[in-house]
There are 2 protein chains.
Amino acid sequence: MSKHNIRLKDIAEELGISIPSVSRALNNKADIGEETKRRVFELAEKLHYQRNQFAINFKNQQSFIIGVIIPQIVHHFFSNVISGIIDEAENLGYGVMLYQSNESYESELKGVETFQKSMIDGLIISLSDNTFKVDHLKNLQEHNVPVVLVDKVNPDMDSAKIICDDYKGAYYATEHLISIGKKKIAHITGSLEPHTTRERCKGFESALRHYNLPLVPNLIKKCNLVSREEGYLTTLALLAEPEIPDAIFCATDPTAIGAIKAIKEKGLRIPDDIAVIGFSDWKMSSIVDPPLSSVSQPDFEMGRKAVELVVKEIQLTRENKPVKHETHVMETSLVLRESTLGKSKKVPLN
Amino acid sequence: MSKHNIRLKDIAEELGISIPSVSRALNNKADIGEETKRRVFELAEKLHYQRNQFAINFKNQQSFIIGVIIPQIVHHFFSNVISGIIDEAENLGYGVMLYQSNESYESELKGVETFQKSMIDGLIISLSDNTFKVDHLKNLQEHNVPVVLVDKVNPDMDSAKIICDDYKGAYYATEHLISIGKKKIAHITGSLEPHTTRERCKGFESALRHYNLPLVPNLIKKCNLVSREEGYLTTLALLAEPEIPDAIFCATDPTAIGAIKAIKEKGLRIPDDIAVIGFSDWKMSSIVDPPLSSVSQPDFEMGRKAVELVVKEIQLTRENKPVKHETHVMETSLVLRESTLGKSKKVPLN
DNA sequence: ATGAAAGCGCTAACAG
DNA sequence: CTGTTAGCGCTTTCAT
């Protein structure tokens, strides 16, 4: 049990050679005799030698760990971002530490602290909705830990960023509603604090303007949590307006699902009376009745790209080369289902 | 930029004292002068000293990192297990590294390898459905890295385990169907390889037996992936039987959702003609139409408990004390919704 | 091709 | 109370 782990020293002694020689052999260095190398490998194998990464990390001051902070894992979008991150990190030889902020700034601070204790080489973070200061992240940068912001970004941060084109996604979603003949389109937006929801709102307005549709203030409703409950209540409010909309673009899928519930309860048909489209293409969106059209974000790909950027910066930083922070804007795509298309089109189960 | 990080040495030199004194001060050791301590803290503060955890980890041969391998993050159940893990790990001063196996044995091996490189102190793992050998885990144990199995366990592993009472959950689910007057109850089971599905099947049969209902072989259908698609197809097969069931207990929620789709397509009413109950209480289960009754597992709590066990074993191992591997069986609970209760009972939105 | 020596940053053991 | 010494396991000079 407590038999100490095998060290280079053990192998060296057993073979009657020096420790550096063993090291050189195991690391396939050039200047080492073939015969020696063979004997070292053989014995290492036999003793089940495992390099002590603590020593190596210590020597190189490098952990090969990337820290990841996201608001909530349970969200389908973030699960997929994380999958992309883990995948690409594996490819590049990095491990991934995870922390969730639960949309709390204080939690986010704690996460950064935990990560500093674990000596992460780089950080990928999607900011909590309640994070307005970024000193904790700048602090990391000052300690030569590159930071990459994903999706939920902050203009005060001078760092690499991965965002998706929320503006265009919203524009296309709205354009789609117009294309199926809708004229009185409502928008349920979230808190306008996060960059993402603000862009979605802008894209919506821009599409209306472009197609010469009136921008009716009463048809733009704000809710803070963009939850199902809120979507439900907000839609009920919309339906109580003197002139009700014939389509609703919701800033998130849960809101849209709430909206669907409200519309169905009122005995209205989807999409004939009111079409509904959401944003983010949650897993559950294909399961609700009717299946929800939505704007799909390249979540997995965003994760991959984030790792690519952060590792690039890690390497440049280690080589003391100047780093230029890239911002990657990724394209969204429309996933059209019955909530806007109706039964006409056969929609696959998945 | 490349100004090297502050070390104890820098502080010691600036203050004209020895390095150990600085160490003692910073660590609030007993035998250090108040005045010295004050000066050290002051300067450390001023220089933004941050302890170099690489050195400490190296010295203690300890990372304060727990590795976690699960099949798929996107699954609601696992997301919540992970949340529980991160939460409790934070409490106990540990960070969490994450890896997903995607139900692949090879992937799982890679995960263990990655983790070994990162020198995890302990591992929490939910085995992939294709993992039948556990040498990789035993290897970890031999290197004094405690392993805790969660939910997907393996009898060959001599380790701590967290499981939930699938048998009882299935029993209660079936009993509930009986209690609402159902007599011809079908069961859609998964591959009988994993311990979990096997127990669910046993619980189902046991309840039928206990209530003197016949065990009709044709009403027990197996599908391998327990996916929505499979649930749909399997249910269609069930409905093609000469005598169709009046209730279906599905081994997972996705299967149940597929079942609902099939039943609705056939023009049958839920639950009047056929009641449906699932297992795991996925987020989406409350959203489908009708909302799905299900057996809820204490996912978050399972995660917490896993951390508790693994940390306990880590500590015992470090102190060279004997460790007794505990197995924790956690209770499930029924979440009843319209798919078995009907509209009668007002079901809350959440 | 190999060995000897030094050092990464920190802490524990031992003196005084 | 404080300083000196040593060592965690490995790699990287610098000799030979």
Side-chain angles (χ1 to χ4, degrees), chain A residues 2-41 43-44 47-64 116-119 121 143-144 318-320, chain B residues 2-41 43-44 47-64 116-119 121 143-144 318-320:
Chain A
S2 175
K3 60 175 192 307
H4 76 109
N5 288 323
I6 310 296
R7 300 156 301 168
L8 294 190
K9 192 182 181 203
D10 301 313
I11 298 182
E13 282 176 357
E14 181 121 2
L15 256 36
I17 59 178
S18 74
I19 297 175
S21 289
V22 180
S23 170
R24 283 189 271 251
L26 255 17
N27 289 310
N28 279 309
K29 297 283 179 178
D31 46 0
I32 186 74
E34 275 308 319
E35 173 60 10
T36 320
K37 190 188 279 192
R38 205 192 44 71
R39 292 175 59 215
V40 167
F41 267 101
L43 184 56
L47 298 178
H48 296 107
Y49 172 74
Q50 283 210 329
R51 36 161 36 95
N52 185 322
Q53 200 68 26
F54 283 123
I56 299 174
N57 290 350
F58 170 53
K59 184 140 206 1
N60 299 332
Q61 294 292 306
Q62 179 167 213
S63 63
F64 286 104
Q116 276 176 321
K117 226 184 74 176
S118 296
M119 299 276 114
D121 286 345
H143 284 271
N144 292 323
R318 300 208 104 230
E319 295 162 9
N320 271 314
Chain B
S2 174
K3 60 173 192 309
H4 78 108
N5 287 324
I6 308 298
R7 299 157 302 169
L8 294 189
K9 190 180 183 203
D10 301 312
I11 298 180
E13 282 176 356
E14 181 121 3
L15 256 35
I17 60 179
S18 74
I19 297 175
S21 287
V22 180
S23 170
R24 283 189 272 253
L26 254 18
N27 288 311
N28 280 308
K29 297 283 178 179
D31 47 359
I32 186 74
E34 274 308 319
E35 173 61 10
T36 319
K37 191 188 279 190
R38 205 190 46 69
R39 290 174 61 214
V40 168
F41 268 100
L43 184 57
L47 298 178
H48 296 108
Y49 171 74
Q50 282 210 330
R51 37 162 36 94
N52 185 322
Q53 201 68 26
F54 282 123
I56 298 174
N57 288 351
F58 170 52
K59 186 149 207 349
N60 298 334
Q61 294 290 307
Q62 177 166 213
S63 64
F64 286 104
Q116 275 176 321
K117 227 184 73 177
S118 296
M119 298 276 115
D121 287 344
H143 284 271
N144 292 322
R318 301 208 102 231
E319 295 163 10
N320 270 314

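When reading the values below, keep in mind they use all heavy atoms of this one structure, side chains included, and skip hydrogens, waters and symmetry mates. Each chain gets a letter, A, B and so on, in the order the sequences are listed, and its residues count up from 1.
- For Thr36(A) and dA1(C), the shortest distance from a side-chain N or O to OP1 or OP2 is not below 4.0 Å.
- His48(B) is not listed as a side-chain neighbour of Gln50(B), based on a closest heavy-atom distance of 4.5 Å or more.
- Leu8(B) is listed as a side-chain neighbour of Leu26(B), based on a closest heavy-atom distance under 4.5 Å.
- Rounding to whole angstrom units, CG of residue Asn60(A) and P of dG7(C) are separated by 18 Å.
- Rounded to an integer number of Å, the gap from Asn57(B) CG to dC8(D) P is 17 Å.
- To the nearest 0.5 angstrom, Ser23(A) atom OG is 10.5 Å from Ile11(A) atom CD1.
- Taking 4.0 angstrom as the limit, Tyr49(B) places none of its side-chain polar atoms (N or O) nearer than this to OP1 or OP2 of dG9(C).
- Between the Asp121(A) side chain and the Gln62(A) main chain, no donor and acceptor come within less than 3.5 Å of each other.
- Under the 4.5 Å side-chain criterion, counting only non-hydrogen atoms from C-beta, Ser63(B) is in contact with Phe54(A).
- The nucleotide whose nearest atom lies closest to any side-chain atom of Leu8(B) is, among dC10(C), dT12(D), dC8(D), dC10(C).
- The nearest heavy atom of DNA chain D to Gln61(B) and to Ile32(B) marks one nucleotide each, and the one closer to the 5' end goes with Ile32(B).
- One interatomic measurement links the two molecules: CD of Gln53(B) to C1' of dT11(C), which rounds to 13 Å at whole-angstrom precision.
- With rounding to whole Å, Ile19(A) atom CD1 is found 8 Å from dC10(D) atom P.
- Here the C1' atom of nucleotide dT11(C) and the CZ atom of Arg51(B) are 11 Å apart, to the nearest Å.
- Less than 4.0 Å separates DNA chain C from at least one heavy atom of each of the following residues of residues 21-31 of chain B: Ser23(B), Arg24(B), Asn27(B), Lys29(B).
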* Going through the distances and angles, do Arg7(B) and Ile19(B) end up as a side chain to side chain contact (heavy atoms under 4.5 Å, CB included)? -> CA-CA 9 Å; Arg7(B) 299 157 302 169; Ile19(B) 297 175; over 6 Å; no
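- Remark: P of dT4(D) and NZ of Lys9(B) are 13 Å apart, rounded to the nearest angstrom.
- Looking at the side chain of Ala55(A), the nearest of the listed nucleotides dT2(C), dC10(D), dG9(C) is dC10(D).
- Look at CG on Asp10(B): it is 11 Å from P on dC8(C), rounded to the nearest Å.
- With hydrogens and angles disregarded, no donor-acceptor distance shorter than 3.5 Å links the side chain of Asn27(A) to the backbone of Lys29(A).
- A straight line from CD of Gln50(B) to P of dC10(C) spans 11 Å, rounded to a whole angstrom.
- Along DNA chain D, the nucleotide nearest to Gly16(B) and the one nearest to Lys59(B) differ in position, and the one closer to the 5' end is contacted by Gly16(B).
- Contact annotation for Ile17(B): backbone-only contact, meaning every heavy-atom pair under 4.0 Å involves sugar-phosphate atoms and none involves a base.
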